[in-house]
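It should be emphasised that the depicted structure is a prediction, and the values quoted were computed from it without experimental measurement. When a residue number appears, it is its place in the shown sequence, counting from 1.
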Amino acid sequence: MRKYFFMVVFIVVTASSVIGQSAPSSITGERNQCVSNRAGQYSCQGIDLFALVSLKELDANAELVNDVWGWTDPDTKRDYALVGTSKSVAFVDVSDPINPIYLGKLNGRNENSITWRDMKVYNDHMFVVVDGPNNGMQVFDLRQLRTARTPQDWKETAFYDQVSSAHNLAINEETGFVYITGYQLSSNGSSDTCRGRGIHMVNIKNPIEPTYAGCIADFQTGGSNDGYTHDAQCLNYRGPDIRYQGREICIGSNETHISIVDVTNKQEPQIISAASYPHVGYTHQGWLTKDQQYFLMNDETDELSPDVNNTRTIIWNLAKLDDPVYHSSFFLHTTSIDHNLYIHGDYMYAANYLSGLRIIDISDIDNPVEVAYFDTYANDSGFGNDGAWSSYRFSGSGTTIVSSHPDGLFILDVIDITITGIEISEEVPEAFTLSNAYPNPFNSNTTFTLSTPQQTMVHIEVIDILGRGVDMIHQGVLNVGRHNFSFDGSQLPSGSYEIRVSSDSYTTGIRVVLVK
């Protein structure tokens, strides 16, 4: 059964259950700490609530919240949440996460209320698709938000008209291409020969002049063997399969299979492989581990079947891209439906509808362990499509945002883990000290330890030989203790780099050499 039919029925039913209930108001101005597994009315572990921006504040005319993404202004370093609703994309400045500032919204072209909206960012521009007719792809220059002082209805900067609707989009920021999935063509989309299935590729190197580049559909996949791609991750491949290193690939979640395609040549993309797995419900979405060997995937409807009792994540071993191997599954103690997941370092951030945001330590891929959670839906548990839709983590500040229906935008502080490092000692160090990196020289990953004798704001940045910042390892408050960090150079070229550490009273650095 095609997802848009199943989900329309299911969401209408669950959304109707909240009609008549008073939606929660915004919560701002004070951190709600997670104490005894509660932060206000929400259950939690290891995650504090900075703030909540209610659905009605995001868009008074909207009926639900859907996807979420983020943008950090490269000049001002301010963080902005981009929150999808059934009517618009709302903009919230979360740089001060306890006191978020609502800056207005970009309305969709179709005025009808539509369940699915998706947005991603490239080159300081937001790209938006909607799974409803006559929406196309909107483009919005996010730099306009720098001078915003009061909320307003914003206007799109550019528009791409060759698709009428689309369920999702993925962007490869290294190459400047957007990959539109779950789409239907408009009357202007005659160049697409994939019949509106699979992946529709658009060149966005000039964000305000998006141009069609090609399409690909794997017709051995999809609920009707039509090649329908629901979602995808597209990237320059640096994983273990040396035959494809340096190629641009997409991993599609295609309802019944994962589908791996080579999209390096947009005019002649190639299907690499496809594979299915036990107890397929609806192959929904997934993300690669940092070494690109494993692909962790959610199935949106398997928890509704008698064969899968608890929330399940499927793990693929992609050591050989032309031979994907079902590696294993791991189960949470919850029974909720899982929706979107993303991987940050050794942790998986999963938005699992009625059980909220769940954070899983995947450093041992054979023994994943849940280490933190924040349940954004206080009224129920079990099956249903209310609750957490998706999450986004700002790599600089570490602030995490979650879109959740019907409450709105949750702004969270994950306090018990750090993506780039964990506190490894409660002993108070005598002084600020930075260890040497090991290994050094290194291939892809190296680690180092920072000791802090007092709680302080710390910035850890990677600088290249030209003095340019190429990676922000950490930006935020560190508690007293020793902290172990890692630098992932897999996305950078070989060369010499400085890991520079600075606080109010301390600045130092170490030189590392990346060899590939």
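Interatomic distance, CG of N168 versus CD1 of I180, reported as 11.0 Å (0.5 Å rounding). We find the OH-CG distance between Y122 and L169 to be 14.5 Å, quoted to the nearest 0.5 Å. Note that the CZ atom of R143 and the CG atom of N123 stand 7.0 Å from one another [nearest 0.5 Å]. Distance check: K155 NZ to Q144 CD gives 11.5 Å after rounding to the nearest 0.5 Å. Between the CG atom in L82 and the CH2 atom in W69 there is a gap of 10.0 Å [rounded to 0.5 Å]. N135 CG to W116 CH2: the interatomic distance, rounded to the nearest 0.5 Å, is 13.0 Å.
For the side chain to side chain contact (heavy atoms under 4.5 Å, CB included) test with N298, the passing option among E303, Q285, H339 is Q285; the others fail. When each of T283, T256, N254 is paired with T221, the side-chain hydrogen bond (donor to acceptor under 3.5 Å, both in side chains) condition holds for N254 and for no other. For the side-chain hydrogen bond (donor to acceptor under 3.5 Å, both in side chains) criterion with R146, the lone passing option out of D124, T76, D73 is D73. Residue H327 is tested with Y294, Y277, F295 for a ring pair (Phe, Tyr, Trp, His ring centres under 6.0 Å); the sole match is Y294. The only option from F448, F487, F485, F394 that meets the ring pair (Phe, Tyr, Trp, His ring centres under 6.0 Å) definition with H474 turns out to be F485.
Counted by atom type alone, S86 and S113 present one or more donor-acceptor pairs between their side chains at under 3.5 Å. Between T311 and N352, the side chains place no donor N or O within less than 3.5 Å of an acceptor N or O (distance only, hydrogens not considered). With hydrogens and angles left out, the side-chain atoms of Q184 and S164 include no donor and acceptor closer than 3.5 Å. There is no side-chain donor-acceptor pair under 3.5 Å between D302 and H279. The closest side-chain donor-acceptor pair between N172 and E248 falls under 3.5 angstrom.
Aromatic ring pairs are classed by plane angle as parallel below 30°, tilted from 30° to 60° and perpendicular above 60°; the pair H284 and H230 is tilted. Note: W389 and Y353 have perpendicular aromatic rings, judged against thresholds of 30 and 60 degrees for the angle between ring planes.
Sorted by first and then second residue, the pairs that involve residues 280-293 and meet salt bridge (charged side-chain N to carboxylate O under 4.0 Å, His left out), not counting sequence neighbours, are K290-D346. Judged as a salt bridge (charged side-chain N to carboxylate O under 4.0 Å, His left out), not a single pair has a partner in residues 202-224 (not counting sequence neighbours). Applying the ring-ring contact (aromatic ring centres under 6.0 Å, His included) test to residues at least two apart or on different chains, none of the pairs has a partner in residues 242-271. Applying the salt bridge (charged side-chain N to carboxylate O under 4.0 Å, His left out) definition to pairs two or more places apart or across chains, those involving residues 170-188 are E174-R238. Residue pairs satisfying the salt bridge (charged side-chain N to carboxylate O under 4.0 Å, His left out) criterion with at least one member in residues 362-374, sequence neighbours excluded, are listed as follows: R358-E370.
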From CA spacing to verdict: side chain to side chain donor-acceptor pair (under 3.5 Å), Y282, E255 = CA-CA 5 Å; Y282 190 91; E255 296 191 310; 3.1 Å; yes
Does the pair S186 and Q162 meet the rule for a side chain to side chain donor-acceptor pair (under 3.5 Å), with working shown?
-> CA-CA 5 Å; S186 69; Q162 294 197 39; over 6 Å; no
Mind running side chain to side chain contact (heavy atoms under 4.5 Å, CB included) on N66 and T115 for me, showing each step along the way?
-> CA-CA 7 Å; N66 43 57; T115 300; 5.9 Å; no
CA sep, side-chain torsions, deciding dist, call: H125, F140, ring pair (Phe, Tyr, Trp, His ring centres under 6.0 Å) = CA-CA 5 Å; H125 288 72; F140 178 78; 8.6 Å; no
Audit row: T72, D79, side chain to side chain donor-acceptor pair (under 3.5 Å) steps and yes/no = CA-CA 4 Å; T72 299; D79 291 336; 2.7 Å; yes
Chi angles and distances behind the side chain to side chain contact (heavy atoms under 4.5 Å, CB included) call for V121, I171 | CA-CA 8 Å; V121 172; I171 291 178; over 6 Å; no
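Pairing each heavy atom of P368 with each of I362, the nearest pair is CB-CG2, 4.3 Å. Between S444 and L514, the shortest heavy-atom contact is N-CD1, 3.5 Å. Summarising the geometry of H167 relative to D118, their closest heavy-atom pair is O-CB, 3.8 Å, with the distance given to 0.1 Å.
Scanning for side chain to side chain donor-acceptor pair (under 3.5 Å) contacts around T399 gives S397, with sequence neighbours left out. Here D307 pairs with nothing under the side chain to side chain donor-acceptor pair (under 3.5 Å) rule; sequence neighbours left out. Evaluation of the side chain to side chain donor-acceptor pair (under 3.5 Å) rule for K87 yields no partner, not counting sequence neighbours. The side-chain contact (heavy atoms from CB on, under 4.5 Å) check on S390 picks up D67, V68, N340, Y342, S403, with sequence neighbours excluded. Checked against side-chain contact (heavy atoms from CB on, under 4.5 Å), K320 has the following partners two or more places apart in sequence or in another chain: D241, R243, D322, D323. For N112, the side chain to side chain donor-acceptor pair (under 3.5 Å) partners are N110, not counting sequence neighbours. Scanning for side-chain contact (heavy atoms from CB on, under 4.5 Å) contacts around V470 gives V462, D464, L492, Y497, with sequence neighbours left out.
Between R197 and D226 there is a salt bridge, since a side-chain N of the basic residue sits under 4.0 Å from a carboxylate O of the acidic one.
Under the 6.0 Å distance and 45° angle rule, K266 counts as a cation-pi partner of F177.
The aromatic ring centroids of Y349 and H344 lie less than 6.0 Å from each other.
With hydrogens and angles ignored, the 3.5 Å screen pairs no side-chain donor or acceptor of T446 with any backbone N or O of N440. Of the possible polar contacts, one joining the D262 side chain to the T264 backbone as a donor-acceptor pair under 3.5 Å is found. The backbone N or O of D141 sits less than 3.5 Å from a side-chain atom of T157, completing a donor-acceptor pair.
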